[in-house]
Amino acid sequence: MSDNRIKSIVIVGGGTAGWMAAASLRRHFHKLPIDITLVESAEIGTIGVGEATIPTIRRFYQALGLTDLDVLKATQGTCKLGIQFRDWNAPGSSFIHPFGLYGQELRGVGFHHYWLKMRQAGKAADIGQYCLGASLAAGNRFTTPSQNPPSTLSIFDWALHFDAGLFAQLMRKTAEADGVTRVEGNIAKVHQRAEDGFIESVELSDGRIVEGELFIDCSGFRGLLIEQTLKTGYEDWSQWLFCDRALAVQSVGTPDPPSYTDVLALSSGWRWRIPLRHRFGNGYVYSSRFIDDDAAKAELVATIPDRLLFEPRPIRFTPGRRKKTWNKNCVSLGLASGFLEPLESTSIALIETGIEKIKQLFPDRRFDPRVIDEFNDWSQREFERVRDFIILHYKAAQRADTPFWRHCRDAEIPDTLAHKIESFRSRGHFIRYRWEMFQPASWLAIYAGFGIMPEDYDPAVDVLDADGLARSLEEMRRNVQAAVESAPTHQDFLERFCGPYLPDAVKEMA
Ligand code: FAD
């Protein structure tokens with residue numbers, strides 16, 4: 001029997017995607033005779049943004065043997081309980097999309113039905129008050145979730161904000177310690193097999209050749225292998241997502257960072273503010289159809305209360321995805337595979353799931369087209385689900401004071417999303433497709449935050465008498481409130497867990 005096993009993997013690019021893939025695949029194939037080489041160019045550098053995550057990142061680094069403390073300390077990280085959306089409905093409006101559940105089911109009926117009935121009767125508080133994750137974030141508190149939650153009311157999860165450069169360094173250290181070979185250099189040529197176009201090697205500008213059997217393209221937006229070499233094609237989603245530019249800038253930090261990402265609606269897009277221990281990451285994601293770069297810069301700078309560490313840096317992008325994430329013997333990850341704006345911090349999560357898919361569908365040297373098709377099908381669905389979730393925010397936002405927001409309100413949306421929204425509106429149902437990254441609680445957070453609610457609640461709710469229901473809801477609200485009050489502030493938690501805030505380090509950086 002001939003040995004068709006892959007013996008060499010070449011990863012092109014040493015940003016977050018490249019080093020995450022290197023660390024994770026090396027650990028997965030521990031001790032197996034598979035060489036993993038990563039080629040990166042210090043001269044080209046990395047995108048240097050990508051600092052807010054979702055909770056799956058913790059499972060990712062834990063599988064590499066890293067603890068929360070390791071990562072928080074190594075990356076100047078802070079804890080993230082969710083995202084605060086401000087001014088998306090009207091000036092001064094705000095709600096939190098938490099990583100947590102709302103209330104408790106009663107008699108097998110979803111909490112939102114009970115809440116809706118009592119809300120209509122004027123007897124229920126804001127839905128966030130029945131969610132521990134959202135309430136902790138609103139109070140700028142933080143504690144780790146109970147391992148043994150006494151009820152669904154105590155269930156929440158958390159993620160991290162981290163310095164993207166430091167996180168890539170941590171991944172590099174882990175990967176190199178496990179045996180990944182790093183090659184520094186600028187790839188000038190890509191060599192393909194004459195008969196079928198499969199990639200054989202990459203050639204550096206100094207003439208060195210790096211050969212491989214499986215190539216993973218983590219070269220960023222340029223897609224050096226997947227696009228520039230293999231001409232795979234890109235599915236452009238600009239008809240649904242209108243933002244195509246970003247300005248990114250860092251500013252001095254605070255000893256008291258929030259335990260959430262702040263996302264503020266601006267005239268032609270939105271501004272992120274990501275708290276780290278040593279600084280903030282800020283940026284404006286906007287549509288060049290509705291605002292020019294200078295006006296966007298002025299608008300961004302006006303929203304940042306602290307001193308900037310450098311001039312805002314422009315980034316251009318096209319929302320969409322590579323037509324095939326995997327083409328021939330090349331799999332793309334990270335920005336090389338496509339881009340969805342970071343409104344829900346999904347890009348790094350898509351890198352994680354991309355790596356998982358590579359492991360699950362790991363090919364041999366015959367590169368069975370069925371395996372490749374399966375991979376591409378999974379990737380496409382997953383990207384589309386995230387795309388729909390992001391579009392929901394723009395479609396549902398009640399803001400209509402600028403041409404950009406009116407355009408978003410009036411725009412067509414994909415049928416898959418329209419079906420979801422209508423199902424929720426008519427009967428309070430959550431439609432779940434395969435490869436959904438966001439669970440019903442997240443959809444509920446966004447629906448409720450933007451005022452999309454079922455036309456009527458589930459009739460089974462009326463089985464419970466209204467007074468009993470009001471008492472149950474009030475008890476849930478009080479339990480959440482008590483848990484919030486007993487939790488430390490986020491600042492206290494970080495100081496206890498990671499050590500004191502170091503203003504000198506901040507001064508040095510500034
Ligand atoms: P890059 O960081 O661009 O790395 C590309 C690598 O390829 C570099 O090492 C480069 O040197 C190398 N390379 C390229 N060409 C060559 C060559 N010819 N020879 C040798 N090496 C080469 N994601 C989130 O999850 N959360 C967020 O909050 C978030 N915010 C974002 C904000 C913005 C404005 C943008 C644009 C993206 C954001 N992302 C976010 C996405 C996130 O930044 C990326 O998914 C992540 O950084 C991975 O990037 P990458 O590794 O694919 O590419």
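Atom set for the values below is all heavy atoms of this structure, side chains included, hydrogens, waters and symmetry mates excluded. Keep in mind the model is a prediction, meaning the values are calculated, not measured. Start at 1 and go down the list; that is how both ligands and their atoms are numbered.
Remark: ligand 1 atoms within the under-4.0 Å shell around heavy atoms of A246 are 34 (C). Close approach to T46 involves these atoms of ligand 1, each under 4.0 Å from a residue heavy atom: 2 (O), 8 (C), 9 (O). The G185 neighbourhood of ligand 1 comprises atoms 19 (N), 20 (C), with distances under 4.0 Å to a heavy atom of that residue. Counting the atoms of ligand 1 from 1 in the order shown, those under 4.0 Å from a heavy atom of G14 are 6 (C), 8 (C), 9 (O). Below 4.0 Å from some heavy atom of I348 lie the following atoms of ligand 1, by number and element: 23 (N), 24 (C), 25 (O). Proximity to N186 (heavy-atom distance under 4.0 Å) selects the following atoms of ligand 1: 17 (C), 18 (N), 19 (N). Listed by number with element, the atoms of ligand 1 under 4.0 angstrom from any heavy atom of L224 are 17 (C), 18 (N). When each atom of ligand 1 is checked for a heavy atom of L335 under 4.0 Å away, the hits are 44 (C), 45 (O), 49 (O), 52 (O), 53 (O).
Annotation: salt bridge (Lys or Arg N to Asp or Glu O under 4.0 Å) contacts of R273 (sequence neighbours excluded): D306.
A cation-pi arrangement, defined by a distance under 6.0 Å to the six-membered ring centre and an angle within 45 degrees of its axis, is present between K357 and W435.
Among S219, G15, G220, the residue whose heavy atom sits closest to atom 53 (O) of ligand 1 is G220. Of the listed options G338, A52, G50, A52 places a heavy atom closest to atom 26 (N) of ligand 1. The nearest non-hydrogen atom to atom 33 (C) of ligand 1, considering only I11, V49, T16, comes from V49.
At least one N or O atom of A17 sits closer than 3.5 Å to an N or O atom of ligand 1. Any N or O atom pair closer than 3.5 Å counts here, and S41 shares at least one such pair with ligand 1.
A donor-acceptor pair under 3.5 Å is absent between the side-chain atoms of Y433 and the main chain of R385, judged by distance alone. A donor-acceptor pair under 3.5 Å is formed between the side chain of H490 and the backbone N or O of P257.
Only the backbone of C218 comes within 4.0 Å of ligand 1, counting heavy atoms alone; no side-chain atom from C-beta on gets that close.
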